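Computed from a predicted structure; not experimentally measured. The figures here come from the full heavy-atom set of this structure, side chains too, leaving out hydrogens, waters and symmetry mates.
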Amino acid sequence: MTAETLLASLHLIAPELILAVGALALLMIGVFSGDKSAPTVTGLAVALLVASGMWMLLVPAEGQAFGGAYVADNFATFMKVLALIGSIFAMIMAVGHARFDHLDKFEFPVLLVLATLGIMLMISSNNMISLYLALELQSLALYVVAAINRDSLRSTEAGLKYFVLGALSSGMLLYGMSLVYGFTGNVNFEEIARVLSAGTPNLGVIFGLVFVLAGLSFKISAVPFHMWTPDVYEGAPTPVTAFLAAAPKVGAMAILVRIVIEAFQPIFVEWQQIVVFISIASMLLGSFAAIGQRNIKRMMAYSSIGHIGFALVGLAAGSKTGVSGVILYMTIYLVMTLGTFACIMAMRRKEGGNVENIDDLAGLSTTKPFMAFVLTALMFSLAGIPPLAGFFGKYFVFVAAIEAKLYGLAIVGMLASVVGAFYYLRIVKVMWFDEPTGEFTRVAGELRLVFGLSGLFVTCYVLFGGPIDRAASIAAQSLFY
């Protein structure tokens, strides 16, 4: 590698370099200043994430770096900005709750920055090795933050379950990658596609594909690799759960889209069958399993499984329209999820601390009318009721499925949406029609900001959704050349 190509590569990877160098600097600040530096480190971490995002938007760059291991294109830029937004708002939400959830440690924001770095590298991965390294960088940081409240048995259990099942999924992913490499002789996505398009795919490659998709399905909580999600969502501190539900899902979905569209496009029929299966299974399990949940964090876990199933409907189409629908769906899902978790974090009583049962929202329209209005809008949007943002997310993935003649998949998705509406509407009923059982304490300004912006987005999406749709379409186009 010459000095020129190295400099060109470093220019392309500048947003990630900002986070990597910044995380090391924040770690030094925290180590030398102690736990009292946690608010300062958190503020600097947010500034670091903003700086990385601004660099991407103001100094756009496209191309490949480090011998094709890293790619910068419109798709990567869009999904990275989305992941950064998720990380920034999750970190802001954690500020008011740091002391209550034992997150007032300088290590917490540093770990979130490192996890975000892993997510961004994963989105731009263009070969199997860089994908695995980025995935592990993200995962190792997430295992720690899930169990960061060492005084809580639930948090420790959540971190341990996440670690054990995450190690299993990493093993499956590595095994699949080794099979793909063994039968194609390549780890680069474009080279794998070239080998696969040259002849009939080997059975070994198909087995490798299955294991690779299984490993990535774990990261997006798709059925049947969803088993960690409800326990980790419930057990981890709520700010951590908000982060887990947002940025890592965006990153994992982005690399899943990239790997099937770029590396495995020549065997479209084979991977389409797998994606259709996990999409249907995720939509159905997410919709039906959430009905019996009384804990709102567990309900959101099953809700997220269902929403990943809806996003996969667009991917199953395998078309530019489908990928554009997936990007748009993940954008809307991210905003709805962050807003909902901001409301969940605001469920705090003066005498008993945080509460998580759905019944604790009784009479919220009387005690906290603004929060009740926003949460109602978010629930309607999650259910896909027009003209809120969630409706447009589902509309575009279903349109892509119908264009691809996947009528059965679209019908199952619509039926699952009807079932899912039940548990969202139950929350609305509890807030507006049940008698108040107590009042929550004053809502922190950070949480009010997040759920206020989220409510504004879902209610007014019909007014400004056009530019977002066009940006998603441009991002999807970069994968089809």
Side-chain angles (χ1 to χ4, degrees), residues 56 60 62-64 71-83 122-126 131 188-194 196-197 209 212-213 216 220 222 249-276 278-279 307-334 389-410 413-414 461 464-481:
M56 271 191 296
E62 290 189 28
Q64 294 190 358
V71 61
D73 54 18
N74 290 326
F75 176 75
T77 301
F78 190 103
M79 298 306 276
K80 282 182 192 177
V81 169
L82 207 58
M122 186 168 68
I123 291 170
S124 280
S125 295
N126 200 39
L131 162 58
N188 187 278
F189 292 169
E190 284 97 345
E191 292 301 312
I192 291 169
R194 184 182 58 77
L196 292 177
S197 59
L209 167 68
V212 167
L213 292 184
L216 292 176
I220 59 172
K249 291 281 178 72
V250 170
M253 183 60 80
I255 193 59
L256 180 61
V257 169
R258 187 183 291 282
I259 201 169
V260 296
I261 296 297
E262 291 195 343
F264 296 113
Q265 187 60 29
I267 51 173
F268 168 68
V269 175
E270 284 79 2
W271 66 254
Q272 185 189 45
Q273 296 174 43
I274 301 169
V275 172
V276 167
I278 61 177
S279 173
H307 281 287
I308 288 299
F310 289 120
L312 290 172
V313 170
L315 181 58
S319 62
K320 176 180 167 294
T321 307
V323 172
S324 176
V326 173
I327 296 169
L328 195 64
Y329 198 99
M330 293 309 294
T331 305
I332 294 168
Y333 166 77
L334 178 87
F391 166 76
F392 293 98
K394 289 181 179 176
Y395 173 78
F396 285 112
V397 293
F398 289 152
V399 164
I402 291 167
E403 285 181 1
K405 296 183 169 55
L406 297 172
Y407 304 119
L409 181 61
M414 290 173 191
Y461 181 82
F464 55 76
I468 299 175
D469 186 27
R470 283 192 292 276
S473 184
I474 292 168
Q477 183 63 51
S478 62
L479 296 180
F480 295 86
Y481 44 79

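In this structure, the separation between CZ on Phe189 and CG on Leu479 is 11.0 Å, given to the nearest 0.5 Å. The line from CD1 of Ile255 to CG of Asn126 is 8.0 Å long, rounded to the nearest 0.5 Å. With rounding to the nearest 0.5 angstrom, the OG atom of Ser197 is 11.0 Å from the CD1 atom of Ile267. Note: Ser125 OG to Asn188 CG = 11.0 Å, rounded to the nearest 0.5 Å. Going from atom CD of Glu403 over to atom CZ of Phe398 covers 14.0 Å, rounded to the nearest 0.5 Å. Lys249 contributes atom NZ, which lies 13.5 Å from atom CG of Leu82 (distance to the nearest 0.5 angstrom).
Residues Phe78 and Ala471 share a closest heavy-atom pair of CE1-CB, 3.6 Å. Closest of all the heavy-atom pairs between Ala311 and Val397 is O-CG1, 4.4 Å. Taking both residues in full, the closest heavy atoms of Ala475 and Asn74 are given as CB-O, 3.8 Å, listed atom of the first, atom of the second, then distance. Among all heavy-atom pairs drawn from Val313 and Ser279, the shortest one is CG2-OG, 3.4 Å. Between Ala83 and Val250, the shortest heavy-atom distance links the atoms N-CG1, 4.2 Å. Considering every non-hydrogen atom in both Ala401 and Ala410, the closest pair reads CB-CB, 4.4 Å.
Every residue two or more places apart in sequence or in another chain that forms a ring-ring contact (aromatic ring centres under 6.0 Å, His included) with Tyr333 is listed here: His307. In this structure Ala316 satisfies the side-chain contact (heavy atoms from CB on, under 4.5 Å) test together with Val275, Val276, Leu406, Leu409, sequence neighbours excluded. Annotation: side chain to side chain donor-acceptor pair (under 3.5 Å) contacts of Ser473 (sequence neighbours excluded): Lys320. Partners of Ile274 under the side-chain contact (heavy atoms from CB on, under 4.5 Å) rule, at least two apart in sequence or in another chain, are Leu209, Val210, Leu213. Residues satisfying the side-chain contact (heavy atoms from CB on, under 4.5 Å) test with Phe464, not counting sequence neighbours, are Phe457, Cys460, Tyr461, Ile468. By the side chain to side chain donor-acceptor pair (under 3.5 Å) test, Gln64 pairs with Glu190, sequence neighbours left out. Partners of Glu62 under the salt bridge (Lys or Arg N to Asp or Glu O under 4.0 Å) rule, at least two apart in sequence or in another chain, do not exist in this structure. Remark: Ala193 engages Pro266 in a side-chain contact (heavy atoms from CB on, under 4.5 Å) (not counting sequence neighbours).
Screening residues 466-476 for salt bridge (charged side-chain N to carboxylate O under 4.0 Å, His left out), with sequence neighbours left out, gives no hits. The salt bridge (charged side-chain N to carboxylate O under 4.0 Å, His left out) contacts involving residues 73-82 comprise Glu16-Lys80, Asp73-Arg258, where partners must be two or more places apart or lie in separate chains.
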Test side-chain contact (heavy atoms from CB on, under 4.5 Å) applied to Ile261 and Trp271, step by step: CA-CA 10 Å; Ile261 296 297; Trp271 66 254; 4.3 Å; yes

Check against side-chain contact (heavy atoms from CB on, under 4.5 Å), Phe480 and Val323: CA-CA 10 Å; Phe480 295 86; Val323 172; 3.8 Å; yes

With side-chain contact (heavy atoms from CB on, under 4.5 Å) as the criterion, how do Met253 and Val326 come out once you've worked through the C-alpha distance, each side chain's angles and the decisive distance to 0.1 Å? CA-CA 9 Å; Met253 183 60 80; Val326 173; 3.8 Å; yes

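The main-chain N or O of Phe75 is found under 3.5 Å from a side-chain atom of Ser478 such that the two form a donor-acceptor pair. No donor-acceptor pair closer than 3.5 Å links the side chain of Glu262 to the backbone N or O of Gln265.
Between Thr331 and Leu334 there is no side-chain heavy-atom pair separated by less than 4.5 Å. Contact check for Leu216 versus Ile220: no side-chain heavy atoms found under the 4.5 Å cut-off. You'll find the side chain of Leu256 reaches within 4.5 Å of the side chain of Leu312, heavy atoms only.
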